[in-house]
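Some notes on the structure that comes next.
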Amino acid sequence: MKKVIILLLYLFVFCNAAYSQYNGNSFLVGINGIYTTSAKIYLYPNSSDEVLRNTSFPLSDIYDAGIYFRYRLSDDILMGFSTEYMTKTATGKNLTVFSNNQTVTIDVQDGFKMIPFELSIYYLLPFSTEKFKFLMGGGGAYYYGKQIRNFGDAGISSSETQIAYGIQVSISMDYLLPDNFIIHCGMKFRDPQFTVENKYNKSIVNYNGTTLNLAQSSFVSKVNVDGVTFQLGAAYSF
């Protein structure tokens, strides 16, 4: 039994040395279809009231697409860069306005768009085989984003966006096909958030045939993409 355990440990640690990683190619370029489970928009992030400060509008089932590049530094270490375009909107009662000398809460389409730029280092796990490559990675990221809000004939523009940095970790698998093509799937954990100062493009709004007066011309929101990200795509190594 002891010899079996020693043999299994030996295979676990050294089995990847017997295979030519990615057919000896150093570069890899790929595309991904991406699904993120959830995000939140904090409507009053600067409020002195704790309840209002933590009030958020949930968003779920976010689909987008991205591209990525990798360079093989050694048999076991790869460096990668990835980016994507993420956007999501939903409708909720998120805005209080003046109508007929009284305040009412109306439905607005709230959402966000975000472009992450992520730099990662990947480690090829020892139990990888000639066809199946298992990787664990992590690194830093820069996030650029804006809020989306539409209602009636009004919209918003972001006058100021806070620079957002973060970290991310991932685990993934590559399946090598003939002719250097690859099927890729993975899961990523990250928690980007950014604060935006927005300005309405008008103060009097036509909303479903009713004239509304906005209580303020600008507002601040915070976007937090807190869900788990899943990836499925294809790549080519060369």
Side-chain angles (χ1 to χ4, degrees), residues 12 16 21-22 28-42 45 53-74 76-90 110-129 132-148 161-176 182-196 221-235:
F12 180 83
N16 64 331
Q21 308 303 349
Y22 295 93
L28 185 149
V29 58
I31 57 174
N32 273 326
I34 302 169
Y35 169 73
T36 301
T37 56
S38 63
K40 295 185 180 74
I41 300 177
Y42 290 88
R53 192 168 58 248
N54 293 321
T55 297
S56 63
F57 177 59
L59 298 164
S60 59
D61 299 332
I62 305 165
Y63 296 91
D64 64 278
I67 59 174
Y68 66 97
F69 306 90
R70 289 181 187 167
Y71 174 69
R72 186 165 60 90
L73 299 173
S74 68
D76 300 328
I77 305 295
L78 298 90
M79 180 176 65
F81 170 79
S82 63
T83 186
E84 63 196 81
Y85 180 79
M86 179 184 295
T87 182
K88 178 68 177 183
T89 60
D110 263 332
F112 71 96
K113 60 181 179 180
M114 184 182 77
I115 303 175
F117 301 93
E118 299 176 332
L119 186 65
S120 304
I121 295 295
Y122 300 94
Y123 172 66
L124 191 68
L125 296 174
F127 47 82
S128 298
T129 67
F132 291 92
K133 309 298 183 183
F134 297 91
L135 301 107
M136 179 171 290
Y142 165 78
Y143 302 98
Y144 170 80
K146 291 186 176 183
Q147 185 178 353
I148 301 170
T161 302
Q162 184 184 76
I163 296 176
Y165 298 97
I167 60 173
Q168 40 79 28
V169 295
S170 65
I171 186 166
S172 60
M173 183 198 74
D174 291 344
Y175 176 65
L176 275 60
I182 297 167
I183 297 296
H184 169 83
C185 64
M187 181 169 56
K188 183 179 294 185
F189 301 91
R190 55 190 178 182
D191 191 29
Q193 60 181 16
F194 54 90
T195 301
V196 288
S221 298
K222 183 174 72 173
V223 178
N224 179 206
V225 184
D226 59 350
V228 180
T229 295
F230 298 91
Q231 301 169 322
L232 179 64

Where do [X] and [Y] come nearest, in terms of heavy atoms and distance?
| X | Y | result |
| --- | --- | --- |
| His184 | Ser172 | CE1-CB, 3.5 Å |
| Leu59 | Ala90 | CD2-CB, 3.6 Å |
| Arg190 | Pro116 | NH1-CG, 4.0 Å |
| Met79 | Leu73 | CB-CD1, 4.0 Å |

TODO: Apply the test side chain to side chain donor-acceptor pair (under 3.5 Å) to residues Ser38 and Ser60: give CA-CA distance (whole Å), side-chain angles for both, the deciding distance (0.1 Å), then the verdict.
DONE: CA-CA 4 Å; Ser38 63; Ser60 59; over 6 Å; no
Using 0.5 Å steps for rounding, measure from the [atom1] atom of [X] to the [atom2] atom of [Y].
| X | Y | atom1 | atom2 | value |
| --- | --- | --- | --- | --- |
| Leu232 | Ile31 | CG | CD1 | 10.0 Å |
| Asp174 | Leu135 | CG | CG | 5.5 Å |
| Ile34 | Ile62 | CD1 | CD1 | 11.5 Å |
| Lys133 | Leu125 | NZ | CG | 12.0 Å |

- [ ] Starting from the C-alpha separation in whole Å, work towards a yes-or-no answer on side chain to side chain contact (heavy atoms under 4.5 Å, CB included) for Phe194 and Met114.
- [x] CA-CA 10 Å; Phe194 54 90; Met114 184 182 77; 3.8 Å; yes
[X]: partners by side chain to side chain donor-acceptor pair (under 3.5 Å), with sequence neighbours left out:
| X | value |
| --- | --- |
| Gln231 | none |
| Asn32 | none |
| Ser120 | Gln168 |
| Asn224 | Asp191 |

Open item on the list: Quick check against the 3.5 Å criterion: does Thr37 have a side-chain atom that pairs as donor or acceptor with the backbone of Val228?
Closed with: yes
Please name all residues satisfying side chain to side chain contact (heavy atoms under 4.5 Å, CB included) with [X], sequence neighbours left out, ordered by chain then number.
| X | value |
| --- | --- |
| Tyr142 | Phe117, Tyr144, Ile163, Tyr165 |
| Ser82 | Tyr68, Glu118, Lys188 |
| Thr87 | Tyr85, Lys113, Ile148 |
| Phe132 | Thr129, Phe134, Met173, Tyr175 |

I want to check something: taking the side chain as every heavy atom from C-beta on, are [X] and [Y] in contact at a cut-off of under 4.5 Å?
| X | Y | result |
| --- | --- | --- |
| Phe112 | Lys88 | yes |
| Val225 | Met86 | yes |
| Thr83 | Ile115 | yes |

Task: Over 12 non-hydrogen atoms of neighbours within 6.0 angstrom of CD1 in Ile167 - done: no
Task: Partners meeting ring pair (Phe, Tyr, Trp, His ring centres under 6.0 Å) with Tyr71 (sequence neighbours left out) - done: Phe27
Task: Tyr122 six-ring face occupied by Arg70 cation (under 6.0 Å, within 45°) - done: yes
- [ ] Just grab all the salt bridge (charged side-chain N to carboxylate O under 4.0 Å, His left out) pairs involving residues 31-41, residues at least two apart or on different chains.
- [x] Lys40-Asp226
TODO: Any salt bridge (charged side-chain N to carboxylate O under 4.0 Å, His left out) involving residues 55-69? Give me the pairs, sequence neighbours left out, ordered by first then second residue.
DONE: none
